[in-house]
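The structure under discussion appears below in the form of C-alpha cells.
Each chain gets a letter, A, B and so on, in the order its sequence line appears, and its residues count up from 1.
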2 protein chains.
Amino acid sequence: MNTKLEQYDPSIYDRPSVTVDVLLFTIIDRELKILLVRRKEEPFMGSWALPGGFVRINESLDEAAKRELQEETGVKDIYLEQLYTFGNPKRDPRTRVITVSYLALSAEKQWLLESHGDASEAAFFSVKETPRTAFDHESIIKYGLDRLRNKLGYTNISLSLVPESFTLTDLQKVYEIILDETIDKRNFRKKILASGLLLPTGSKTDGTAHRPAMFYRFKNREVIITD
Amino acid sequence: MNTKLEQYDPSIYDRPSVTVDVLLFTIIDRELKILLVRRKEEPFMGSWALPGGFVRINESLDEAAKRELQEETGVKDIYLEQLYTFGNPKRDPRTRVITVSYLALSAEKQWLLESHGDASEAAFFSVKETPRTAFDHESIIKYGLDRLRNKLGYTNISLSLVPESFTLTDLQKVYEIILDETIDKRNFRKKILASGLLLPTGSKTDGTAHRPAMFYRFKNREVIITD
DNA sequence: TGAATAGTGTCTTTCAGACAATATGCC
DNA sequence: GGCATATTGTCTGAAAGACACTATTCA
C-alpha cells in the first residue's frame, strides 16, 4: 500500500490465532437457552461448544462473529455485541488461541436450525443445564449470562428477545425468565411504560377465553449502546 | 503435548497479529491525564501512541498489558482492567493487527517516568488536549474515558486514583476532575459516606491555616468488579 | 356466572439534588 | 477578629417496592 511502511515486518513475532465465539441466547418454551454446536474437529471433537471460528485476515471482529454464526447455524440478522476477550495461554490445548466473545440475542423466530445443512450438529440448551463444553466455554457462558442480566436493567436490550409486537405480559415473562425471579406485575408495567420505550399498537389479542391484552412495540428497534 | 491433538494444524490460517494497548489515566496538577509514548518504529514513527505492544505467545492478555506498561514506562503494580478489543482490518496500515485495550489507573505516586531508561519518550497529556495519535488510538482513548466516567458512578474504582489516606475534599476533586463538572459538597459527602466504602482513619490534616480535615481510607482496596 | 388473564392506584421508603449556615484552626 | 476550609441538615421530587382489587372476554 504505502511502500515506506513496508520496511517494518511484524511477522517476526510469533502470532497467536484469533477466534470469535458467539453466545446466542433466546427464549424457548419459557426457558432461556443458549445455542451450542457439536465440534467436528480436534481438540474436543464431539463436544458441545460455542459457535465460532477463526477470524479471517480481511474481516472485522464483528463481521467474523456474524459470519461464523451464519455458517455454523444459519442464523443471521440478529443483535450482536462484543463481550470480552479471553486469552489465557492454556485455554486451547493445541496452541495459543485468543478468542473474542460476542453476545447475540434473538426472538425465537422463523429461522430454524433444521433449515441449515449442519442442523443436526446444533442445539439449544437451557442455561440451567448446559452440558460440558469444549475449552473454557463454560466460563465464557457464565460471563455472558451475567452481562445479559445486568444490561436488562439499564438498557432496552430486551427488544431483541421479543417479536415486533407483544403484550406487556409477554415482555414481563422475558424479564422473569432471564433474571430467574418473579416480578410484581404492577411495578413492572409502571416502570416499563414510564421508560417511554414502548408504544401501544392499538390492536389486541384475539380469541382468548379471557380479557384481551393490548399489543405494544418498541419505539426504536435499535439497542441503546451503553456499558 | 498430546499427540492426538497435533493432527489438526491451525497454522493453515492466516493469522492476525495481536497487541495490547494501555490507557493509563492519572491526575496531575488537577487535570486528568493520559500516558502516551513516542513511537520509535514505523508506522507512525515519531507520533504519540498508547503504550503497548505484541502479545507474546506464552503470556495472558493481562500479563502482556502489565509487561508492556512496565517496559515502556516503568510503571507497575497498578490497577488494570480489560476494556474492549478493536479489530478493524484497516486500523494498522501495515498488516492486520487486533488490539486488546486496557484501562489502568494510578494515583500520582513515587514512580516517575524519569527513573526509566526511555523516559524522554513518555509523557502525560491532559485528556482535554491530547495530541494526534498513531492508529485509531484517539477513538480508543475516547472509549476508555467514557468507561472511566461511567464506572466512577457505580463502582469504587476511584480508590485507584487516591493515596491510601485522603480527605473527602481530595476525593471529591477526583470526581470533579474526571467528570469535568462541579459537585455539591454536601450531597457528595452524604452519598460517599452512605456507600459504606470509607472509614475515617482518626487522624486529621495538620498545619493548615484553617480547620483540619479528617482523613479517610477505603475499607477494601480491591476494585469491585462490575460491568 | 365462572374461569382466566388484563389492567390499574396508593402508600412507604429510598435516593438524588437544590440549597446556606456553623465549626475549627491559624495568623 | 479575620481568613480559609471543614462539616453539617432540610426540603422537595423521582423512582422503587410492597401490596389487592376491578375489568373484560369466552365458554
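- When the P atom of D:dT12 is taken as reference, atom CZ of B:Arg186 falls 16 Å away, rounded to whole Å.
- One finds the CZ atom of B:Phe188 at 12.5 Å from the OG1 atom of B:Thr182 (value rounded to the nearest 0.5 Å).
- Residue A:Lys191 places at least one side-chain N or O closer than 4.0 Å to OP1 or OP2 of D:dA16.
- Atom P of nucleotide D:dA6 and atom CE of B:Met214 are separated by 13 Å, given to the nearest angstrom.
- Residues A:Tyr216 and B:Arg211 each lie close to DNA chain C; by heavy-atom proximity, the contact nearer the 5' end of the strand is made by A:Tyr216.
- The nucleotide whose nearest atom lies closest to any side-chain atom of A:Asn187 is, among D:dG9, D:dT5, D:dG17, D:dG17.
- Rounding to whole angstrom units, NZ of residue B:Lys173 and C1' of D:dA6 are separated by 12 Å.
- Of the charged side-chain nitrogens involved, at least one lies within less than 4.0 Å of a carboxylate oxygen, so that B:Arg67 and B:Glu59 count as a salt-bridged pair.
- Computed from coordinates, the B:Asp206 CG to D:dT5 P distance equals 17 Å when rounded to whole Å.
- Taking atom CD on B:Gln172 and atom P on D:dT8, their separation rounds to 14 Å, with Å as the unit.
- The CZ-P distance, from A:Phe188 to D:dG17, rounds to 13 Å in whole Å.
- Note on ring orientation: taking the six-membered ring where Trp is involved, the planes of B:Tyr143 and B:Tyr84 are tilted (angle from 30° to 60°).
- Remark: the backbone N or O of A:Tyr79 is not paired with any side-chain donor or acceptor of A:Ser160 at under 3.5 angstrom.
- Counting only residues at least two apart or in different chains, side chain to side chain donor-acceptor pair (under 3.5 Å) contacts with residues 209-222 of chain A are absent.
- Each of A:Pro212 and B:Thr167 lies near DNA chain D, and the nucleotide nearest B:Thr167 is the one positioned closer to the 5' end.
- Of all nucleotides in DNA chain C having an atom under 4.0 Å from a heavy atom of chain A, the first and last in 5' to 3' order are C:dA3 to C:dT10.
- Rounded to whole angstrom, the span from the CZ atom of A:Arg189 across to the C1' atom of D:dC21 amounts to 14 Å.
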Just list the side-chain donor-acceptor pairs under 3.5 Å for residues 196-205 of chain A, sequence neighbours left out, or say none.
unit_1	atom_1	unit_2	atom_2	d
A:Thr201	OG1	A:Ser203	N	3.2
A:Thr201	OG1	A:Ser203	OG	3.2
A:Thr201	OG1	A:Phe215	O	3.1
A:Thr205	OG1	A:Ala213	N	2.7

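- Taking for each of B:His210 and A:His210 the nucleotide of DNA chain C with the nearest heavy atom, the 5'-most of the two is the partner of A:His210.
- Separating the CZ atom of B:Phe215 from the C1' atom of D:dA6 is a distance of 13 Å, rounded to the nearest angstrom.
- Residues B:Ala209 and B:Thr169 both approach DNA chain D. Their nearest nucleotides, taken by heavy-atom distance, put B:Ala209 toward the 5′ side.
- Between A:Asp180 and A:Arg149 there is no salt bridge, since none of the side-chain N atoms of the basic residue sits less than 4.0 Å from a carboxylate O of the acidic one.
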